[in-house]
Amino acid sequence: MAETDKSAHPLHEEQWTAIRTHLQEELGDAAFRSWLKPLSLRRIENGEAQIAAPTRFLRDWVSARYAARIAELWNQMNPDVRSVAIDVIVIGGVAAPVSTSQQSALPTSNASNVPGEMPARGPYLRLRAVEEDIDDLSSPLNPRFSFNEFVVGKPNEFAHAAARRVADADNSVPFNPLYLYGGVGLGKTHLMHAIASHIRQRDPTRRVLYLSAEKFMYHFVRALRYKDTMAFKEQFRSADVLMIDDVQFICGKDSTQEEFFHTFNVLIDHNRQVVISGDRSPSDLDEMEERLRSRLGWGLVADIHATTYELRLGILHAKIESSGVTDVPQDVLEFLARRISSNIRELEMALNRVTAHATLVGRQIDLDMAQEVLRDVLRASERRITIEEIQRRVAEHYNIKLSEMSSERRARAVARPRQVAMFLSKQLTSRSLPEIGRKFGGRDHTTVMHAVRRIEELRQSDAAIAEDVDLLKRTLES
Ligand code: ADP
Ligand code: MG
């Protein structure tokens, strides 16, 4: 499969163009230019799209990160295409034997590997010409991610205070490193950008280098390829403040970890501020070397907790204020804060969708409209709470056995919690009464209906029940 002269079928070329356009939107211009633009389609054969990459590094990177997505998109557009293979093919360059074929396939395909080697020459020269300077090395900062626009609440007040301390310190280093961690969409990147912007504004001579761990790896691997690690080290080690976002992506890449560890140590030894973010605590970075893991925890470790209703509502208020949208009624904001509890990114997206819709159709925002516009989002977030989870939480809360949820026993001590669980299943999932009944030991739907009514009544008359139900609901929804 070495020949490169055959060009792809025009229809396939068209599909390839559509996929690239789609990915450009999905990944942004910078990633697209670095990774996908240099690729070309060779042909589609036996359900496999064969794509040429100019370098081995590019092939490896694209295979690991984007090939599965390319295969998925292609398969959606043309079900005959079930897998994608990326090979190193030098077009019009140094003649090279065909390389290792790295495959990324949808589960149905049975792709094979073709072994081979590719000399590290020729094509790298082109990339070499676009080598960046340290200031270009740093990723652009989002001006919206400032301290001013960061709403502080219980879940993030500690991380926020630590970030402020680092940002306000003039040339001193309050704690090193600062390690920020938390789940997706909770504000880690926002705080990182806020620190970087703040330091740059206060003192433009300080060299703040902010980049994702992925980008760090990319630069390092590229330096290795050019045998140019000295320049790489110098660039990184000349930073006054080094900030690496999403460090979990450095996991499991030995040489990168090693280099990261050295860079990190040199900077800390020279009293330069290092700020790292990750999606989990240093000790939970399983694939990371022990010494690096423990070193990451030497400074200050601050975690951002899951959002609370109050924080979500506060953020919504802040967002509508800063965007100048005034006509979002309070009950709609409360509805969003209550129902979109997964993370702040999704909350923002929900608000944007509602306001965009209102502008487009020229309609006032109200609760009905918000529910209508967000139907799919809400259904997706509902799906996350399962009846099993409700049963488990309720059983824990009342300290009864999980099996009592489906048992025949009618003693109040188990029957009441069971009714609470049925009530919550009706409220928090989209399951029908018969479905709920089945999950509770095959009970009839009228039993479920009765339970739901009973708990509704009790919530009015019995403060203890009302409190239990509210607490359970809150923990299940958060
Ligand atoms: P992470 O990096 O933790 O995945 P981000 O920092 O990208 O999350 O945050 C996701 C979105 O939520 C961003 O648009 C960010 O501005 C917003 N956001 C997160 N936390 C806050 C907050 N406390 N106040 C205002 N906006 C926030
Ligand atoms: Mg982030």
Side-chain angles (χ1 to χ4, degrees), residues 26-28 30-31 65 138-167 177-198 208-218 242-251 275-282 284-285 296 301-325 328 333 336-337 339-356 377 381 478:
E26 203 167 310
L27 305 167
R65 263 145 233 274
S138 193
S139 297
L141 301 175
N142 185 340
R144 200 170 58 75
F145 290 178
S146 65
F147 281 120
N148 273 341
E149 304 223 10
F150 191 85
V151 180
V152 184
K154 268 253 147 14
N156 59 24
E157 62 184 0
F158 184 63
H160 171 260
R164 276 233 77 117
R165 271 298 295 286
V166 166
L178 168 61
Y179 185 91
L180 297 169
Y181 77 93
V184 62
L186 297 182
K188 300 181 295 294
T189 298
H190 189 135
L191 278 181
M192 299 278 276
H193 284 216
I195 296 171
S197 301
H198 192 83
V208 181
L209 184 44
Y210 163 86
L211 72 174
S212 66
E214 277 181 309
K215 230 179 148 198
F216 178 89
M217 265 161 49
Y218 160 63
L242 175 67
M243 309 181 74
I244 305 278
D245 206 351
D246 286 320
V247 76
Q248 70 274 6
F249 290 122
I250 287 186
C251 288
V275 184
I276 310 280
S277 86
D279 68 350
R280 55 204 111 142
S281 76
D284 287 334
L285 290 166
L296 286 174
V301 176
D303 63 337
I304 306 181
H305 300 273
T307 60
T308 57
Y309 173 74
E310 287 72 24
L311 178 62
R312 293 195 293 272
L313 193 58
I315 286 170
L316 289 173
H317 276 291
K319 300 272 172 210
I320 58 170
E321 205 166 291
S322 76
S323 66
V325 182
V328 189
L333 294 178
L336 294 175
R339 296 293 297 276
I340 315 281
S341 57
S342 47
N343 69 50
I344 300 171
R345 189 172 298 131
E346 290 194 3
L347 188 65
E348 278 181 342
M349 274 172 2
L351 177 66
N352 289 342
R353 239 162 96 170
V354 171
T355 53
V377 183
S381 71
S478 69

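Order of listing sets the numbers, starting from 1, for every ligand and every atom in it. The structure presented is a predicted model; accordingly, all values stated were derived computationally and were not measured.
Note on ligand 1: S277 sits outside its first shell, no heavy atom being nearer than 4.0 Å. Ligand 1 is never approached by H160 to a heavy-atom distance shorter than 4.0 Å.
Taking backbone and side chain together, T189 holds an N, O or S atom under 2.8 Å from the Mg ion (ligand 2).
A salt bridge links K319 with E348: at least one charged nitrogen is closer than 4.0 Å to a carboxylate oxygen.
Ring geometry for H190 versus F150: interplanar angle over 60°, hence perpendicular rather than tilted (30 to 60°).
Formation of a donor-acceptor pair under 3.5 Å by the Q248 side chain with backbone atoms of G278 is not found in this model. With hydrogens and angles ignored, the 3.5 Å screen pairs a side-chain donor or acceptor of T355 with a backbone N or O of N352. Between the S277 side chain and the D246 main chain, a donor and an acceptor come within less than 3.5 Å of each other.
Listed by number with element, the atoms of ligand 1 under 4.0 angstrom from any heavy atom of G183 are 3 (O). With ligand atoms numbered from 1 in the order given, ligand 1 contributes 13 (C), 14 (O), 15 (C), 16 (O) to contacts under 4.0 Å with heavy atoms of F145. Near R144, meaning under 4.0 Å from any of its heavy atoms, are these atoms of ligand 1: 14 (O), 16 (O). Residue V184 approaches ligand 1 through these ligand atoms, each under 4.0 Å from one of its heavy atoms: 4 (O). Here is the list of ligand 1 atoms found below 4.0 Å of a heavy atom in V151: 22 (C), 23 (N), 24 (N), 25 (C).
Of the polar atoms of I344, none of the N or O atoms is found under 3.5 Å from an N or O of ligand 1, judged by distance alone. Ligand 1 has an N or O atom lying under 3.5 Å from an N or O atom of G187, backbone or side chain.
Across S146, A159, G185, heavy-atom proximity to atom 1 (P) of ligand 1 is greatest for G185. Taking only non-hydrogen atoms, the option from R312, R345, E149, H190 nearest to atom 7 (O) of ligand 1 is R345.
The proximity of E348 to ligand 1, defined as any non-hydrogen pair under 4.0 Å, is limited to the side chain. For N156, every heavy-atom contact with ligand 1 shorter than 4.0 Å involves the side chain, none the backbone.
The protein heavy-atom contact nearest to atom 26 (N) of ligand 1 is K319 NZ, 3.1 Å.
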